Protein chains: 2
Amino acid sequence: MKSDLTHRGPPSARTGRPRNAAATREAVLRSAVEAFTRSGYDGAGVREIAEGAGVSAMMVNRYFGSKENLFAEVVDTSFTPRTVVPDDLTRLSHGIARALVHRTGPGADELSPFLLTLRSVSNPRSAELARQGIERHVERHLAELLGGERARERSALALSVILGVWLMRSIIGDTALLEADLDGLARHLDGMLAGLLTSP
Amino acid sequence: MKSDLTHRGPPSARTGRPRNAAATREAVLRSAVEAFTRSGYDGAGVREIAEGAGVSAMMVNRYFGSKENLFAEVVDTSFTPRTVVPDDLTRLSHGIARALVHRTGPGADELSPFLLTLRSVSNPRSAELARQGIERHVERHLAELLGGERARERSALALSVILGVWLMRSIIGDTALLEADLDGLARHLDGMLAGLLTSP
DNA sequence: GTCTATATAATGATAGAC
DNA sequence: GTCTATCATTATATAGAC
């Protein structure tokens, strides 16, 4: 059957994007961030990712070699902007607690490296890639910010709390946490993190 | 091809178990607990579960209707014995912290409702079933133990910490948490949980 | 009560045309 | 640079024999 260029065809016909390797790669990567964050490593298919980028499924392997390689790049892309752990130490626990409560509420933005991690840990390969992302990006950064003894360990523990709350509120949808008073929640989290983040 | 009863055939030939509906059901359920805990809802297949029980894949749907129904029973089975949250209030946070560190170390037993939950949250259906299991079993129990104001909310927050640590140590395998001094880790966790579990 | 065999759909990856 | 078409595999679920 001949292709109908008014409905199907190369990207230029559908998206206005010209045939361009870099632009296509970028579009696939962006679509992959969304799909993997929404459905996890196993739950997102290469067809779905390709469709989100307006290209055929073949392009995914063309530019990234395999689904696993694509996921590795997605992890780095997703962890690069820091939005939960602030850049300075003043009122660190307070800032993290507020951001955490705010970004795990209903209707919050659905693009977070923590969501990506939580939904991809059931597969050992993607879990390992997520581990590297966490350690190299947020954990190391927070540990440098903290300094003092066992900074790395305290940083990892703080991240455990962040991941646990993100899981219970955003993914599991625990009733008590979703109906809780937001200020009270933030106060509890602030208290827990403060004991961890202030040098022992 | 004719079946060779010395190698294949009904369960009585392989496992010594007689043809018995209740025993077969039980065997499938036990195998399913292991498989879902090891690989999560999407990662575990009915063939694999059936093989672990020494029966054919057909038996799974015969006795449980569908994979999803089977998972619902697995959640209840897995959450029923309480091993992390103790039954009395004395030194509650201390007991939880110690049990948590002990059961998330390398070589710890691999059968926990928290592992089952963490590896099944990427699928919305199994995540919802896990939510019900958490709320009806551990969260409610711990809240009753706590009493006081916002007991349910504080219970859910404590479970967030437990899940977060379990995730980072057992599943993600965070280097800093696996190499950390165990007593120091338990002390930090005790401190965080104590502020949460003692009435505000 | 349990089996083999099959229906149906979806997956990641690849070959070859244009 | 991108496509269509297809490969080989795997998934859950079901039909019918014994």
Side-chain angles (χ1 to χ4, degrees), chain A residues 1-28 31-32 35-36 39-51 53-72 74 122-123 125-126, chain B residues 1-28 31-32 35-36 39-51 53-72 74 122-123 125-126:
Chain A
M1 190 199 305
K2 292 186 68 176
S3 65
D4 181 348
L5 285 181
T6 60
H7 295 103
R8 313 178 67 184
S12 53
R14 283 202 304 285
T15 64
R17 185 164 18 82
R19 295 190 173 202
N20 178 323
T24 298
R25 221 190 102 101
E26 193 68 20
V28 170
S31 171
F36 282 135
S39 312
Y41 179 77
D42 285 330
V46 298
R47 283 170 179 77
E48 166 194 358
I49 292 170
E51 189 180 14
V55 297
S56 76
M58 211 223 81
M59 297 279 89
V60 175
N61 283 324
R62 175 78 145 86
Y63 285 110
F64 296 91
S66 70
K67 184 183 178 180
E68 192 174 330
N69 282 346
L70 171 59
F71 183 79
V74 162
S122 52
N123 183 306
R125 288 224 184 79
S126 46
Chain B
M1 190 200 303
K2 291 186 66 174
S3 65
D4 180 347
L5 287 181
T6 59
H7 295 104
R8 313 179 66 183
S12 53
R14 283 202 304 284
T15 64
R17 184 165 17 83
R19 295 190 174 202
N20 177 320
T24 298
R25 221 190 103 101
E26 193 67 21
V28 170
S31 170
F36 282 135
S39 311
Y41 179 77
D42 285 329
V46 298
R47 283 172 180 78
E48 165 193 2
I49 292 170
E51 190 179 14
V55 297
S56 77
M58 212 223 80
M59 298 278 88
V60 175
N61 284 325
R62 176 82 145 85
Y63 285 110
F64 296 91
S66 70
K67 184 183 178 180
E68 192 173 330
N69 282 345
L70 172 60
F71 183 79
V74 162
S122 53
N123 183 306
R125 288 223 182 80
S126 47

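Quick note on labels: first sequence line is chain A, next is B, and so on, each numbered from 1. These numbers were taken from a predicted model, which means no experiment stands behind them.
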*Whole Å only: how far is the CZ atom of B:F36 from the C1' atom of D:dA11?*
13 Å
*Working for side-chain contact (heavy atoms from CB on, under 4.5 Å), residues A:F64 and A:M59*: CA-CA 8 Å; A:F64 296 91; A:M59 297 279 89; over 6 Å; no
*asked:* Please verify the inter-ring angle class for A:Y41 with A:F71; under 30° counts as parallel, over 60° as perpendicular, anything in between as tilted.
replied: perpendicular
*Reckon B:F64 touches a base, only the sugar-phosphate, or nothing at all at heavy-atom distances under 4.0 Å?*
nothing
*Value in whole Å for how far the P atom of D:dT4 lies from CD of A:E51*: 12 Å
_Around atom CD of B:E51, are there more than 12 heavy atoms from other residues, nucleotides or ligands closer than 6.0 Å?_
no
*Find out whether B:V46 and B:L70 are in side-chain contact, i.e. whether some heavy atom of one side chain is under 4.5 Å from a heavy atom of the other.*
no
*Write down the distance between CE (B:M59) and P (C:dG1), rounded to a whole number of angstrom.*
9 Å
Would you tabulate the nitrogen or oxygen pairs shorter than 3.5 Å linking the protein to nucleotides 12-14 of chain C?
from: C:dG12; atom 1: OP1; to: A:K67; atom 2: NZ; distance (Å): 2.6
from: C:dG12; atom 1: OP2; to: A:V46; atom 2: N; distance (Å): 3.0
from: C:dG12; atom 1: N7; to: A:R47; atom 2: NH1; distance (Å): 3.1
from: C:dG12; atom 1: O6; to: A:R47; atom 2: NH2; distance (Å): 3.1
from: C:dA13; atom 1: OP2; to: A:N61; atom 2: OD1; distance (Å): 3.2
from: C:dA13; atom 1: OP2; to: A:K67; atom 2: N; distance (Å): 3.1

*asked:* Rounded to whole Å, please give me the gap between CZ in A:R62 and P in D:dG1.
replied: 6 Å
*Mind checking side chain to side chain donor-acceptor pair (under 3.5 Å) for A:R47 and listing every partner two or more places apart, or none if nothing turns up?*
none
*asked:* What's the separation between atom CD in B:E68 and atom CZ in B:R125, rounded to the nearest 0.5 Å?
replied: 5.0 Å
*Search all heavy atoms of A:A44 against all heavy atoms of A:S39 and return the closest pair with its distance.*
N-CB, 3.9 Å
*Just how far, in rounded Å, is C1' of D:dT2 from OH of A:Y63?*
8 Å
*Once you round it to whole Å, what is the distance between P of D:dA11 and CZ of B:F71?*
17 Å
*From B:R25 atom CZ to B:N20 atom CG, the distance as rounded to the nearest 0.5 Å*: 12.5 Å
*Please check the phosphate of D:dG1 (OP1 and OP2 only) for any side-chain N or O of A:T24 closer than 4.0 Å.*
no
*asked:* In this structure, how many angstroms lie between the P atom of C:dG1 and the CD atom of B:E26, rounded?
replied: 16 Å
*Could you write out DNA chain C as a dot-bracket string, with dots for unpaired bases, | for bases paired across to another strand, and Watson-Crick or G-U pairs counted at under 3.5 Å?*
|||||||.||||||||||
*Grab the two heavy atoms, one from A:D42 and one from A:S122, that are nearest each other, plus how far apart they are.*
OD2-OG, 4.4 Å
